[in-house]
Amino acid sequence: MAATLPKNAIGEQQKGEPAPLDYRGRISALAPALAAAAHEIDERRELPARIVDRLVDDGFFRLLLPRSLGGAELLPAQYVPIIEAIARIDASTAWCLNQNSGCSMTTAYLPPEVAHDIFGGPRGILAWGPGPGEARVVAGGYNVTATWAFASGSHHASWLGCHVPVIEANGQPRREADGSPVIRTLFFPKSSTKFTDIWHTIGLRGTGSDQYSVTDLFVPEAYSLPSIARNTPEKRREPGLLYSFSSLSMYAAGFAGVAMGCARSTLSSFIELARDKIPRGARKTMRDNNVTQSQVGQAEARLSSAYGYLLHSLEAITEAVRQRGHVTLDERMTIRLASTFCIHTALEVTDMLYQAAGATAIFDENPFERPWRDVHSVSQQLQGRQVHFETVGQHLMGLEPDTSWL
């Protein structure tokens, strides 16, 4: 039993759209190899080349790319279940796919020849992360000096990006009309950067979210965008319905799918454990215990409710946008609220089941500790911040919220 998915989830056709590929079948075919590699992914802190090759061949890095570049251009309620299904097998892989996919939505705003250069080949994969730096104006472009971190998926990426303030040739910061600094997004081959191994974490270890830096790297003007333009509808070059949504909304919903996959994996493992485990001092298996039965029922209800809220919201909003042509502030708030609620519900359910599993859960060879570590890492990231509830609450009460993460 699980939440009933929207009719267009994972490879089903939505009216007016070409039928997407059979991602259910592709995930099923990938599952044995990915499950077998999960421990290696965790230990090596990156996706092995053979797994990356499978993901590339099956088109999983092209889920949110435009069809004009050979991408799937999936709509939100088609896309998120793919991330969730992969996260049930390995959360680090799902996290990388969501991060790289969110980055790829930038394609909708790039000049066609630049978009083709970055994403035209099957291994056109973009990664980026936050950090300090600057882009100094020079003839034909910018000289970039900066250091960034949290570059999820960078180990297998071919291109990297950054978001940095622009410094004029005279050394003065370039300003927006309101006096705030102009931030520009720039793109460059990964071969131009220096990496530092910093990703030693408790969870999502396989994302390889390391630090990278450049010094006086020349980036042509064409390989840059005003950061604000990446989510500005009138700046779009791709007409697809998907690109009415901001990459921020897709990050939020996708990472909620990662958290949900961790929780679903834990629930499945717990049900299997309860079938045979007789706790010390007990006479019957956990499955015959009333408390255990109640916990499983509550876990199912909570996960199905949170995930169903997210998926059905995405589907309803997509239909509204199809008619209207743009996403409203209310709808962006709904995506943020549903995504954050999904992450925290997944965290709470995973914690409950981890504890209920007893000492079994603490051993590496059992399937509890890694999803527990991973979902806790998801909740610590930007997408899981409690402040998102505050933002939505402010909006609902007629106050002026911070909309910078919508």
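Values in this document were obtained by computation on a predicted structure and should not be read as measured data.
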Residues Trp405, Thr391; criterion side-chain hydrogen bond (donor to acceptor under 3.5 Å, both in side chains); working and verdict
CA-CA 10 Å; Trp405 292 109; Thr391 297; over 6 Å; no
Which residues satisfy the side-chain contact (heavy atoms from CB on, under 4.5 Å) test with Asp351, sequence neighbours excluded?
Leu347, Trp372, His376
With sequence neighbours left out, what residues match Ala252 under side-chain contact (heavy atoms from CB on, under 4.5 Å)?
Arg336, Ser339, Gln383
Tell me whether Glu134 is salt-bridged to Arg184, with the criterion being a basic N under 4.0 Å from an acidic carboxylate O.
no
Look up atom CG in Leu337 and atom CG in Leu396, then write down how far apart they are to the nearest 0.5 Å.
7.5 Å
Please check: side-chain N/O of Ser224 versus main-chain N/O of Glu221, any donor-acceptor pairing under 3.5 Å?
yes
Trp148 and ring pair (Phe, Tyr, Trp, His ring centres under 6.0 Å): which partner among Trp128, Phe195, Tyr212?
Tyr212
For the backbone of Leu204 and the side chain of Asp374, can you confirm whether one donor and one acceptor N or O come within less than 3.5 Å of each other?
yes
If the condition is side-chain contact (heavy atoms from CB on, under 4.5 Å), which residues does Pro111 pass it with, not counting sequence neighbours?
Glu113, Val114, Arg237
Backbone N/O of Asp58 and side chain of Arg26: donor-acceptor pair under 3.5 Å
yes
Rounded distance (nearest 0.5 Å) linking atom CD of Glu315 with atom CG of Leu310
11.5 Å
Does this structure show an ion pair linking Arg370 with Asp364, if we count only N-O contacts that are shorter than 4.0 Å?
no
So, Arg324 side chain and His326 main chain: donor-acceptor pair closer than 3.5 Å or not?
yes
Closer than 3.5 angstrom, by distance alone: can the side chain of Glu300 be matched with the main-chain N or O of Gly297 as a donor-acceptor pair?
no
Hits for side-chain hydrogen bond (donor to acceptor under 3.5 Å, both in side chains) against Trp199, two or more places apart or cross-chain, chain-then-number order -> Thr207
Taking Lys277 for the side chain and Glu272 for the main chain, is one N or O donor matched with an acceptor at less than 3.5 Å?
no
Heavy-atom donor-acceptor pair, Thr403 side chain to Leu406 backbone, under 3.5 Å:
no
Presence of salt bridge, Arg236 and Glu238, under 4.0 angstrom
no
Can Ser404 and Asp402 be counted as having a side-chain donor-acceptor contact under 3.5 angstrom?
yes
Would you say the ring centers of Phe188 and Phe218 fall short of 6.0 Å from each other?
no
Does this structure show an ion pair linking Arg385 with Glu390, if we count only N-O contacts that are shorter than 4.0 Å?
no
Is Glu400 atom CD crowded by more than 12 heavy atoms from other residues, nucleotides or ligands, each under 6.0 Å away?
no
Salt-bridge present (Arg302, Glu348; N to O < 4.0 Å)
yes
Let me see the working for Phe389 and Phe341 under ring pair (Phe, Tyr, Trp, His ring centres under 6.0 Å), right down to the final yes or no.
CA-CA 8 Å; Phe389 292 118; Phe341 182 66; 7.0 Å; no
Value rounded to 0.5 Å, distance of CG in Leu225 from OG1 in Thr185:
6.5 Å
Looking at residues at least two apart in the chain, or sitting in another chain, which of them share a side-chain contact (heavy atoms from CB on, under 4.5 Å) with Ile278?
Ala282, Thr285
Within the side chain of Asn100, is there an N or O that forms a donor-acceptor pair under 3.5 Å with the backbone of Phe61?
no
Within 6.0 Å of CZ in Phe150, more than 12 heavy atoms from elsewhere:
no
Can you check whether Arg67's main-chain N or O pairs, donor with acceptor, with Glu73's side chain at less than 3.5 Å?
yes
With distance as the sole criterion, is a donor-acceptor pair present between the side chains of Ser294 and Gln298 under 3.5 Å?
yes
Would you please test Ser180 and Glu176 for side-chain hydrogen bond (donor to acceptor under 3.5 Å, both in side chains) and show each step?
CA-CA 5 Å; Ser180 61; Glu176 301 283 4; 5.4 Å; no
Determine whether a donor-acceptor pair (N or O, by modelled atom type, separation under 3.5 Å) exists between the side chain of Arg275 and the backbone of Phe270.
no
Distance in Å, Gln381 CD paired with Ser209 OG, rounded so as to fall on 0.5 Å steps:
7.0 Å
Answer yes or no: does atom CD of Glu168 have more than 12 heavy-atom neighbours from other residues, nucleotides or ligands under 6.0 Å?
yes
Among residues at least two apart in sequence or on other chains, which ones pass side-chain hydrogen bond (donor to acceptor under 3.5 Å, both in side chains) with Arg373?
Asp42, Glu369
At what distance, to the nearest 0.5 angstrom, does OG1 of Thr266 lie from CE of Met352?
10.5 Å
